[in-house]
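Here the structure is laid out as structure tokens; the discussion comes afterwards.
Note that the structure is a prediction, hence the values are computed from the model and not measured.
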Amino acid sequence: MRRKLDPKQTAAFQAVAERGSFEAAAGVLHVSPAAISVRVRSLETALGYALLERGRPCRTTPAGQTLLRHLRQMHALEETLFAELDGTHQRTLGFTLATNADSLATWLLPALNAPVTDLDIALDLVVDDQMHTHRLLNAGRVNACVSALAEPMSGCVALPLGRMRYRLMAAPQFARTHFPDGFTREAARSAPAVIFNDKDALHDEVVGARFGLAAGAYPIHSVPASEAFAQAIRLGLGYGLLPEEQAYAKSECAPLTDLLPDLEHDVALYWHCWKDQVPRFAELTRRVVAAAQAALIPA
């Protein structure tokens with residue numbers, strides 16, 4: 001007998017998967033947490049797979065990730081169908097995109113602006129490190145992601161966007177104080193660096209390659225916001241890697257000092273999305289990829 005998905009059960013599962021708890025899902029669906037639990041358990045029994053790892057927060061299992069991706073795609077297809085049936089009225093479609101903070105602060109919003117407006121798409125942006133955004137796509141939590149990984153996951157495509165170039169910058173006074181003899185190994189051991197968060201391995205890659213200094217061998221400030229990150233460097237809190245667009249941007253502060261003018265540290269970026277997309281999402285992908293390839297250094 002062909003198995004069918006129960007809409008109440010799938011709605012309960014999706015609410016838990018997206019909000020992380022049975023209590024939060026119950027608040028959204030206006031039923032008790034016990035009812036949510038019964039529906040999810042019934043769905044797991046019907047499918048023959050555990051869908052959620054119960055905890056705080058709840059997390060989807062591999063089977064749950066597959067189901068969540070399916071439910072999101074079905075929702076987008078239904079919205080497209082309704083838009084076509086409505087004729088001239090085009091319903092707004094929600095599109096969730098995971099991106100790294102540096103892309104969001106530089107090229108991404110200009111690339112998204114026209115297609116999002118033209119295609120009547122409502123954006124939901126999720127910020128994570130470029131080495132981790134693909135996990136959100138794999139978990140079914142986003143429709144697409146900007147990632148530093150070149151290999152696509154099963155059922156997905158990875159389209160090259162281009163390369164972001166980073167420069168190792170410091171405020172002039174900071175450079176004079178901490179690097180009077182240039183960017184040396186001993187100076188790098190004591191000068192405070194600015195990194196984004198504990199997922200940010202970019203600084204370690206550059207300093208490690210240059211001097212063989214491991215993570216933890218020098219003091220750091222963690223500033224998990226791209227604009228604030230750049231401001232921390234401009235104010236002299238520490239030195240760090242900035243995208244060229246931010247490194248040479250005009251500011252009320254004095255122009256930043258490039259500590260390693262010979263350094264050209266590039267990060268290649270890719271747009272990951274599902275092979276099967278509704279037409280509007282496919283067109284969004286086409287236009288954003290084209291805009292990114294025009295804005296970034298060719299891959």
Side-chain angles (χ1 to χ4, degrees), residues 99-111 125 127-133 146-149 161-269 292 295-299:
T99 179
N100 59 316
D102 287 339
S103 289
L104 183 58
T106 52
W107 64 268
L108 182 58
L109 285 179
L125 295 172
V127 177
D128 205 341
D129 185 82
Q130 62 264 16
M131 295 302 295
H132 297 267
T133 50
V146 176
S147 172
L149 298 182
L161 297 172
R163 293 175 292 131
M164 289 192 71
R165 179 159 293 169
Y166 287 81
R167 299 288 185 179
L168 195 65
M169 309 300 287
Q173 183 57 52
F174 183 95
R176 288 191 292 269
T177 300
H178 292 275
F179 300 106
D181 300 317
F183 191 66
T184 65
R185 190 175 194 276
E186 285 307 308
R189 287 176 61 90
S190 60
V194 181
I195 67 167
F196 193 80
N197 58 22
D198 58 2
K199 294 180 180 178
D200 181 9
L202 203 60
H203 194 97
D204 290 336
E205 290 175 11
V206 171
V207 176
R210 197 81 176 190
F211 299 126
L213 292 176
Y218 44 84
I220 60 170
H221 300 296
S222 178
V223 184
S226 187
E227 293 295 342
F229 183 101
Q231 185 180 21
I233 293 174
R234 292 189 181 282
L235 292 175
L237 190 64
Y239 75 104
L241 286 156
L242 287 174
E244 276 192 334
E245 184 174 329
Q246 289 182 316
Y248 301 134
K250 292 182 179 179
S251 169
E252 294 178 358
C253 302
L256 294 174
T257 298
D258 193 336
L259 296 174
L260 287 176
D262 63 320
L263 173 72
E264 293 183 350
H265 190 81
D266 293 348
V267 175
L269 297 174
L296 297 173
I297 299 170

For residues 221-233, dump all side-chain donor-acceptor pairs below 3.5 Å to protein atoms at least two apart in sequence or in another chain.
from	atom 1	to	atom 2	distance (Å)
His221	NE2	Leu237	O	3.2
Ser222	OG	Phe196	O	3.3
Ser226	OG	Asp102	OD1	3.3
Ser226	OG	Gln246	NE2	3.2

- Task: Take Trp107 and Val146, measure what side-chain contact (heavy atoms from CB on, under 4.5 Å) needs, and give me the verdict at the end.
- Result: CA-CA 12 Å; Trp107 64 268; Val146 176; 4.2 Å; yes
- Full working for side-chain contact (heavy atoms from CB on, under 4.5 Å) between Tyr248 and Asp258: CA-CA 10 Å; Tyr248 301 134; Asp258 193 336; 3.3 Å; yes
- Show your working on side-chain contact (heavy atoms from CB on, under 4.5 Å) between Leu109 and Leu125 and close with a plain yes or no. CA-CA 10 Å; Leu109 285 179; Leu125 295 172; 4.2 Å; yes
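Of all heavy-atom pairs between Phe179 and Ala188, the closest is CE2-N, 4.0 Å. Nearest heavy-atom pair, Ala148 versus Val267, reported as atom, atom and distance to 0.1 Å: CB-CG1, 4.2 Å. The heavy-atom pair separating Ser190 from Pro219 by the smallest distance is O-CG, 3.4 Å. Scanning both residues, Ser103 and Met164, for their nearest heavy atoms gives OG-SD, 3.6 Å. Residues Ala170 and Leu259 come closest through the heavy atom pair CB-CD1, 3.9 Å.
Residue pairs satisfying the salt bridge (charged side-chain N to carboxylate O under 4.0 Å, His left out) criterion with at least one member in residues 173-189, sequence neighbours excluded, are absent. Residue pairs satisfying the salt bridge (charged side-chain N to carboxylate O under 4.0 Å, His left out) criterion with at least one member in residues 190-211, sequence neighbours excluded, are listed as follows: Asp128-Lys199, Arg210-Asp262.
Applying the salt bridge (Lys or Arg N to Asp or Glu O under 4.0 Å) rule to Glu244 yields the partners Arg167; only residues at least two apart in sequence or on another chain are considered. Taking Tyr166 as the reference, nothing meets the ring pair (Phe, Tyr, Trp, His ring centres under 6.0 Å) condition, with sequence neighbours excluded. Listed by chain and residue number, Tyr218, Tyr239 satisfy the ring pair (Phe, Tyr, Trp, His ring centres under 6.0 Å) test with His203 (two or more places apart in sequence, or in another chain).
Distance check, rounded to the nearest 0.5 Å: CD1 of Ile297 to CD of Glu264 gives 7.5 Å. To the nearest 0.5 Å, atoms NE2 (His178) and OG1 (Thr184) are separated by 12.5 Å. For the atom pair Leu202 CG and Ile195 CD1, the distance stands at 10.5 Å (nearest 0.5 Å). If you take CE on Met131 and OG on Ser147, they are separated by 6.5 Å, rounding to the nearest 0.5 Å. Here the CG atom belonging to Leu269 is positioned 8.0 Å from the OG1 atom belonging to Thr99, to the nearest 0.5 angstrom. Taking OG1 of Thr106 as the start and CG of Leu296 as the end, the distance is 7.0 Å to the nearest 0.5 Å.
Side chain of Arg165 to backbone of Pro243: no donor-acceptor contact under 3.5 angstrom is found.
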